[in-house]
Each structure stands twice: as C-alpha cells, then as structure tokens.
Amino acid sequence: MQFATWNVNSLKVRLPQVLEWLQSRPELTALALQETKLEDHNFPQADIEAAGFHVVYAGQKTYNGVAIISRLPIDDVVVNIPGFDDPQKRVITGTIGGVRLVCAYIPNGQALDSDKYPYKLGWLEALITWLKDELAQHPQLILAGDYNIAPEDRDVHDIRKWEGGVLVSPPEREAFTTLIGLGLADAFRAFEQPDKSFSWWDYRGFSFKKNAGLRIDHLLITPALSQKLTACEIDREPRKAERPSDHTPVIATFSA
DNA sequence: ATGGCAGGGCACCCCTGA
C-alpha cells in the first residue's frame, strides 16, 4: 500500500501530469490532491475514471479545492471538518483499503498581521478537535496534505529569510506538535533523509535549481501504520516538468 | 527592502499563494 499527497496548483493545468505520474507509479494506492481550483461541475471526473481510478472531490472557484484519486474504492467520504463552519473547501476524507485518508489543504495565513492568520490558527484548532474523534474510530489514519507549516528549521532552506512570517511561526509549529501529540508520526522523519529535503520551491528566482525550498507537505500517520511503514520519499521529478506545480509529491509505503 | 513567477477571475489589473 502506498499513499501520496500533492498540491497540484490547479488540476485543470496539471491533470495530464497527474495521470502520467499515477501511471508511472502502479504501486500507488491513492493520491491526495490540494489546490484543484475547480468547482465540482468542472471537475474532470470522467477523465480520471476513464483512466481506471476512483475519485472524490470538493472544490470551489479560483481557490482551494481538494480531491482523492484511488485505485481502490473510496468509502465513507466526508467533506470539510464536521462541526466547523467553513465556506472554503479544504478537506476531503475517505476510507481506502482500511485506511482513513484525510486530505487537507491547511490555510496559508498570508502574514502574521493578516486576518488570514487567525483563520489559519482557528482552522488548525478545529482540525485537531475533529481529528481526535476520527482517531478514536480509525486506528489506521493518514493526515495527508499541504500543511503550510515547516515544522522545524531544517525544513527551511534559509530560516533567516522566513522567520517572523507564516509557515514557521511558533503558534503554527505548536499546532503541528499538538498533532504529533495525538500519537501521529511524521512519516518522512521516520527515516534518515538527505539534508535540505523540501516539497515546495517558489516559482521565482530559480528557487528549484538552487534548492531554496520548504518542506510543508506532510503525511502524518497513526502508530498502527507506523508499524507497517517501510519508506517515505519526496519525488522531485514532477517539479522538473514544463509548467510544474510549485509543490512535488510526498509518498509513504506500507507493508501489507 | 523589494520583487521576482504562476493561476484564475475577469476583462488587464488584481488577488492569492508560500
């Protein structure tokens, strides 16, 4: 079993790359997508199903939007965070092969003095509250997505350029630590990894070429899945494509 | 310190991203 997360920054633009990537990874069970930027009536469900996949999605115009593409059926689908009134489409959850997969696009926050920053912190609080319930019901759970949080300084190419801003602020990192405190593990850090491993690079200033990136896309997993975890990697290849997303996929592999 | 790139809406300049 293999699960991945990828912020595609517009599925309309990236659909061919996503299908090509899925075909290049026949062992992948399911892929969590963020920033589809498509209203549901424009979602390319038929194209994805024609390629042999199951798919569920929840989107809106211009911003946000999430989806799960899977080789196995997707059951018990929930959109957004139950009990949290949010007009933005940022979460979709389903059960795939006995694994509860939560696909989340955590708010960016924009700036510490922006209204979007308290929205981000409140959003994280609501996610954590709801996740406690989900975890009680699903021993095998993955919180996959674009967290918009670089958990540690080693997840930032140059902390001096980012400190004092969103993605690295202490309250956000504390929310990440709270998630770990629920018993979740950062699948990527379960293994020794190369220094300067990132999942996002700015489009500007040749950031990818300079590897001036951040690690903000994560797969947090429950103890029952940690026992089965055999690998976790960031696939940098899609970032080299023409018209790439600024994010690249993160993949976790589990033994049966 | 600033802007730089990309996508989308909408109607070409603005918003947002990270």
**Request:** Would you check if A:Gln140 and A:Phe254 make a side-chain contact, meaning some heavy-atom pair closer than 4.5 Å?
**Result:** no

**Approximate separation, where rounding is to 0.5 Å, of A:Thr5 OG1 and A:Leu33 CG** = 8.0 Å

**Message:** Filter on side chain to side chain donor-acceptor pair (under 3.5 Å), then keep only pairs touching residues 174-185 of chain A, sequence neighbours left out; what's left?
**Reply:** none

**Item:** Atom P, compared across B:dC15 and B:dC10: separation rounded to whole Å
**Value:** 14 Å

**Request:** Would you mind reading off the distance between A:Gln17 atom CD and B:dA6 atom P, rounded to a whole angstrom?
**Result:** 13 Å

**Asked** Distance between the C1' atoms of B:dA1 and B:dC14, in whole angstroms?
**Response** 23 Å

**Fill in**
In 5'-to-3' order, the base (B), backbone-only (S) or no-contact (-) status of each nucleotide in nucleotides 10-18 of chain B, using a 4.0 angstrom heavy-atom cut-off, is -----BSBB

**Asked** Rounding to a whole Å, what distance do you find between A:Gln60:CD and B:dG7:C1'?
**Response** 14 Å

**Interatomic distance, A:Arg239 CZ vs B:dA6 C1' [rounded to whole Å]** = 10 Å

**Complete:** Rounded to the nearest 0.5 Å, the CD atom of A:Gln45 sits from the OH atom of A:Tyr57 at a distance of 3.5 Å

**Message:** Taking ring pair (Phe, Tyr, Trp, His ring centres under 6.0 Å) as the cut-off, I'd like each qualifying pair that reaches into residues 10-29 of chain A, sequence neighbours left out, listed once.
**Reply:** A:Trp6-A:Trp21

**Message:** Taking any heavy-atom pair under 4.0 Å as a contact, classify A:Arg14: base, sugar-phosphate, or nothing.
**Reply:** sugar-phosphate

**Message:** What is the separation between atom CG on A:Leu38 and atom P on B:dG7, rounded to the nearest whole Å?
**Reply:** 13 Å

**Asked** In whole Å, what is the span from the NZ atom of A:Lys210 to the C1' atom of B:dC5?
**Response** 13 Å

**Prompt:** In terms of the angle between their ring planes, are A:Tyr147 and A:His218 parallel, tilted or perpendicular, with boundaries placed at 30° and 60°?
**Reply:** perpendicular

**Message:** Taking only the C1' atom of each, what is the distance from B:dC12 to B:dG7 in whole angstrom?
**Reply:** 15 Å

**Fill in**
Per nearest nucleotide of DNA chain B, the residue lying toward the 5' end, A:Gly205 or A:Ser10, is A:Gly205

